[in-house]
Each structure stands twice: as C-alpha cells, then as structure tokens.
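One structure is given below, encoded as structure tokens.
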Protein chains: 2
Amino acid sequence: MIEQLLKDKRLRLTSFRKEVLQVFMDNDKAIAVSDIEDALNDFDRITLYRTIKSFIEKGLIHEIVMPGDVKKLALCPTECHHEAGAHEHSHVHFQCKKCKEIFCVDVPALPKISLPNYQIDEIEIQAHGFCAGCR
Amino acid sequence: MIEQLLKDKRLRLTSFRKEVLQVFMDNDKAIAVSDIEDALNDFDRITLYRTIKSFIEKGLIHEIVMPGDVKKLALCPTECHHEAGAHEHSHVHFQCKKCKEIFCVDVPALPKISLPNYQIDEIEIQAHGFCAGCR
DNA sequence: TCATATTTGCAATATTGTTGCATTTAAATA
DNA sequence: TATTTAAATGCAACAATATTGCAAATATGA
C-alpha cells in the first residue's frame, strides 16, 4: 500500500506525499501536474514541485514528454530501474489521438534497433493511435 | 535552397524567416530555441516564437522533447508528413549521454510493435547512448 | 503599381518552475 | 517516551519560457 511504497523508496512519510501518491494510484493513465493540483484541495505549489522531483529521483514516478508541451507523470512499475539521464522502461508510452490521454503499456520486450555511428544503450518508444475506448 | 524550401511549404519569404532557416541548415543536430537566439544578432523574441510555430505547422521543422526539460527543433526530412497530433518520422531521435546533443538519424524502417487494446498507427523512437564523437 | 492578407515588433501578461530561508515535522537515538 | 537532527514544508521573491492584442510594416497576387 501507499505507505510501504514510500518506505521502499526511502522517502519520508508525510501526509502531503501520501496525498500526492494517492492521486497517482487513482489514475490508470499518465497525469499532468495540473491534474494533481485539481485533485488536491489545499496545497503549496512549491512543495508539490519538490515532491514530484523527489518522487522522480527515487524512481517512484517517471516523466513522459511529447511534442506540443505535453508533460505528464506516471507511476513506475515496481521493478523499475532508474539511471542517470535516462530511464529504463519495459513499457511503451502510448498517446490516443482522440482522447489525447497517455498510457504506459507494458510490453514483454522492446525491439532492438541499431544505427551506424551511434551506440544505442536504451530506447524509449512513443506510440500514437487509438485506445480501446476511442477505437 | 533556402528560398525554395520556404516557397514549397507556402511560407512567405521574409528576411527573418530566411535567417532562422539558415541557422537550421548550418546545424547537423537538433537545436534549442536558445541556440537560434545565440546565432541571430538582433531579433524579436516573439517573432521568433511565431516563426518557429509556423515552421512546425507547415512541416518544415519538428519538435523533439526528452525528459528533463529538453526541447529541441530540427529540420524535417523533405518527404516528411505532418499529421494532427503526431509527426510521421522514419528516423530515430538519438541523444548522446556524454555531449547531450540530439541527432535525427534516418533508418530504413522502424520496427513494428503491437499491443493488445491499443491500435498503433505511428511510433517514434528515442534512443540514448554515445555518438561517434563521444564513444 | 496597388490592394490585401500576412508578418513583424512592442507592451503586457500568463505559465511553469526554481532558490533562499525560517519553521515544522519525521524518524533515529538515548 | 523524550530528545535530537536531518529532511520536508511554506512563504516570498524570482527566472525562464511562451502567448495575446494591436498597430505598423511588408510580401505577394492582381
């Protein structure tokens, strides 16, 4: 449960962190900072930004960015590794062209690709199409 | 050449647009708005933002975003299609972990992936590793 | 060359995120 | 349980990035 998740990531248990984490648990899709703000009734914006930053640093959540000023956040899968600069996922970031929502979809394995002149260590896949509800 | 590129995209030929487009031509990697600003000696910031926006709308350049507030711009390949919401690339966005530069690398074909419950129309791949110069 | 729609440049403003610092709080220790 | 201390919070100020409205300037088609 929520408290254990924070403990596992060595994050101090504060009521604000529990509230923020609850918002993530309540969503099955990636959410924007503004979605978190809407879900909280009374909060300090600076503290929220710092909370998000520490959640990211500890590998509790990850950031998803897409062209067009789309910045979202989503819970990491529990076995998620966090490395400097890049984030190792075994999932795909999918954006629905209709509802615009972004989902993290687990995949068994990512395809390997190789390029001349570039050594690829990690890849991230962003897919666009239609989700089950919008198809 | 530069003027033809603008004409092809039905963008009016203004000296400012030619200057901005020249900055893109001078670079083999993706550039940030600040890189354009540095390359221009005297300019209006608002006009630059609008120029970038119209270049993107007409499919002359495209936006590349990566986690960590990295937003860059790069010329589209000439056969580039532009669709609402997503941008069809047959190239990979590669970021070097050492020099941090982002390159658009053409690939013959992107791997096809499929997910249950999601209909994938386009995918974009973001790769991290080391470029030829930093390896 | 003229008419017109587009582009530019300026001012004001919005959005998003950060830093410094004093206060409060969680959790480790006695 | 009481005490200590390092981390987290809340406030003020600020920084970076981007947008809107509007008048003046300019590119292009007739």
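Values in this document were obtained by computation on a predicted structure and should not be read as measured data. A, B, ... follow the sequence lines: proteins, then strands. Residue 1 opens every chain.
- Around the NZ atom of K18(B), the shell of radius 6.0 Å holds more than 12 heavy atoms that belong to other residues, nucleotides or ligands.
- Residues from residues 38-46 of chain B lying near DNA chain D, meaning a heavy-atom separation below 4.0 Å, are R45(B), I46(B) in numerical order.
- To the nearest 0.5 Å, the span separating OG1 on T51(B) from CG on L60(B) amounts to 11.0 Å.
- Across the protein-nucleic acid pair, F55(B) atom CZ and dT8(C) atom C1' stand 14 Å apart, rounded to whole Å.
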| E101(B) vs Q95(B), side-chain contact (heavy atoms from CB on, under 4.5 Å): CA-CA, chis, key distance, verdict | CA-CA 6 Å; E101(B) 296 292 352; Q95(B) 183 174 37; over 6 Å; no
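- One atom, NZ of K71(B), and another, P of dT15(C), lie 15 Å apart when rounded to the nearest Å.
- Between K53(B) and dT19(D) there is a side-chain polar atom (N or O) within less than 4.0 angstrom of OP1 or OP2.
- Between I52(B) and I61(B) the shortest heavy-atom distance is O-CD1, 4.0 Å.
- Relative to the side chain of Y49(A), the nucleotides dA18(D), dT8(C), dT18(C) differ in distance, and dT18(C) lies closest.
- Scanning both residues, S114(B) and I120(B), for their nearest heavy atoms gives CA-CD1, 4.4 Å.
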| Just by protein heavy atoms under 4.0 Å, how would nucleotides 22-29 of chain D read 5' to 3' in B, S and -? | B----BS-
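- Partner of H93(A) under the side-chain hydrogen bond (donor to acceptor under 3.5 Å, both in side chains) criterion, out of H128(A), Q126(A), H62(A), K72(A): H62(A) alone.
- Between F94(A) and Y118(B), the two ring planes are tilted [angle within 30° to 60°].
- Residue order along DNA chain C, read from the 5' end via each residue's closest nucleotide, puts F16(B) first among F16(B) and D69(B).
- The nucleotide whose nearest atom lies closest to any side-chain atom of T47(B) is, among dG10(D), dA8(D), dG9(C), dG9(C).
- Taking both residues in full, the closest heavy atoms of V105(B) and H91(B) are given as O-CB, 2.8 Å, listed atom of the first, atom of the second, then distance.
- Rounded to an integer number of Å, the gap from CZ of R10(A) to C1' of dA26(C) is 16 Å.
- Separating the CG atom of L48(B) from the C1' atom of dC10(C) is a distance of 16 Å, rounded to the nearest angstrom.
- Spacing between atom CD1 of I52(A) and atom C1' of dT9(D) amounts to 15 Å, rounded to whole angstrom units.
- Summarising the geometry of F55(A) relative to V20(A), their closest heavy-atom pair is CE2-CG1, 3.9 Å, with the distance given to 0.1 Å.
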